[in-house]
Amino acid sequence: MSCEFNRDTLEAFALSILDGNDKKEAAAHVSSCAECREFLMRRREMVQMLDSSFDEEPPEWLVQRTIANVQHQTRKKISWKTWIGIPVYAGLAVALVMVVYQSGLHTGRSISVASGSGVIENTGMKGYGKNKPFSSSKNDARTGSVVYQTSKMNADVQPHDTGRAAITEIIDGVQSVIGLFFENPVDDRTIYRELGVSEEVAALLL
Amino acid sequence: MQITIDTHVQHGNAIKSGEDFSGSLEQHFYRGDMEAFKEIIILYKREIYQLGLRLLLNREKAADFSQDVFIKAYERRTKYNPALPIKPWLFQLATNHGRDLLRKKREFVMPDGNVPEIPDNRHGEAIFQRRELKRKIWSAVNRLPISYRDIIALRFSSDLSLKEIAVILGISLSAAKVRLCRGIRAFEEEFKGGGGDNDVV
């Protein structure tokens with residue numbers, strides 16, 4: 001091109017990406033320069049050709065197949081969670097029910113023992129040494145639950161309607177039972193032994 | 001993320017005025033509503049497909065590309081701010097995906113059979129010439145570097161502003177202008193000098 005007008009500006013004008021004063025300047029120049037007008041026309045034709053040669057419609061299956069793929073992937077994710085999640089939650093539920101039934105708390109049934117008669121030995125299981133006895137008296141009750149103490153433990157009895165004691169027992173029981181089941185399948189007697197309950201008390205509970 | 005800042009500026013007034021976006025298509029999509037997702041595919045399928053076609057120069061690959069982009073969009077929807085328009089975000093996903101594909105496989109070529117049919121009832125020489133022209137254009141685009149191909153593809157496959165395109169590509173507006181002009185010039189050179197179908201099977 002013999003015209004010395006800035007070619008980048010002219011190119012940008014052809015692509016309609018100029019604004020402000022640059023646009024006004026380019027428009028004014030093109031209107032008075034035949035060479036640049038010719039360039040502008042050729043450039044716009046080329047851009048039009050480039051644009052239209054890719055103007056095609058997507059395949060008709062695109063929407064349905066994409067939706068189906070996403071739904072399939074979502075289902076796969078759910079089924080994976082189901083496989084892992086349901087057994088875990090079911091196990092927890094069974095453990096909870098078992099503990100509640102074994103302790104007799106579901107019916108309010110009490111365990112009859114002689115006052116202060118059960119002796120619990122500390123088996124060294126973690127977590128159970130922290131529990132404090134809830135019963136303040138050994139003499140006033142003949143019914144109750146096993147209450148944990150530190151190293152040398154006594155199976156005290158206490159009035160059974162102590163709500164906090166019951167909740168603590170359930171939580172402790174669930175934790176220990178879950179732990180035991182994950183290690184080995186064991187019978188009830190072993191569970192009581194691992195919980196630190198003496199043979200005598202376990203016999204009463206079973 | 002640059003695109004967030006940019007669109008915040010663009011739509012700042014709506015956000016500041018406390019406009020409720022909770023019932024918008026974007027908001028439904030963000031929550032995983034399949035109907036909203038379908039609506040978004042219907043709205044943008046043509047533009048995304050054409051972007052894929054301009055980048056990959058293959059109809060089958062462009063269709064797979066479009067599907068992948070929408071699936072990615074659904075999977076990553078929680079990373080999108082539903083108070084902002086979805087189009088720039090969607091095109092950013094698409095461009096990044098397209099560039100990844102181009103970098104991984106540089107041998108995207110057009111088999112003869114892939115040159116699109118031109119819907120035309122006339123026969124003979126005119127059809128042949130138009131097909132040849134299209135083939136030559138695709139060939140010229142195929143020889144462009146990725147940096148020119150992506151800006152040309154974005155510019156012509158959508159009505160995004162050059163400012164939005166600059167944000168998507170992570171460059172300044174002036175850099176985008178220069179790159180687009182040079183890209184068109186490079187295309188012209190390839191088109192005129194080419195005919196060279198050596199890289200077209």
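Sequence lines set the chain letters: A, B, ... in the order given, protein chains first and strands last, and positions in each chain run from 1.
In this structure, chain A has heavy atoms under 4.5 Å from both the backbone and the side chain of B/Phe156. Of the atoms belonging to B/Ile152, it is side-chain heavy atoms, and not backbone ones, that fall under 4.5 Å from chain A. Using a 4.5 Å cut-off between heavy atoms, A/Arg65 touches chain B through backbone and side chain atoms alike. In this structure, the portion of B/Arg155 lying under 4.5 Å from any heavy atom of chain A is its side chain and not its backbone. Only the side chain of B/Leu133 comes within contact range of chain A, with at least one heavy atom under 4.5 Å from a heavy atom of that chain. Only the side chain of B/Val141 comes within less than 4.5 Å of a heavy atom in chain A; its backbone stays farther off. Residue contact with chain A, scored on non-hydrogen atoms closer than 4.5 Å, involves the side chain of B/Leu162 exclusively.
With chain A as the partner, the residue from B/Ile42, B/Ile41, B/Ile137 showing the most heavy-atom pairs under 4.5 Å is B/Ile137. Taking chain A as the reference chain and counting heavy-atom pairs below 4.5 Å, the highest number among B/Lys38, B/Met34, B/Glu188 is found for B/Glu188.
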Under 3.5 Å donor-acceptor pairs involving side-chain atoms of residues 13-26 of chain A, not counting sequence neighbours:
none

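By the 6.0 Å and 45° rule, B/Arg77 stacks over the aromatic ring of B/Tyr74. B/Arg135 forms no cation-pi arrangement with B/Trp138, by the criterion of a distance under 6.0 Å to the ring centre and an angle within 45° of the ring axis.
The nearest pair of heavy atoms linking A/Val63 to B/Lys45 is CG2-CD, 3.8 Å.
Interatomic distance, CD of B/Gln50 versus CZ of A/Phe54, reported as 9.5 Å (0.5 Å rounding).
Counted within 6.0 Å of CZ on B/Arg185, heavy atoms from surrounding residues, nucleotides or ligands total more than 12; the atom is thus considered enclosed.
Scanning for salt bridge (charged side-chain N to carboxylate O under 4.0 Å, His left out) contacts around A/Glu45 gives an empty result, with sequence neighbours left out.
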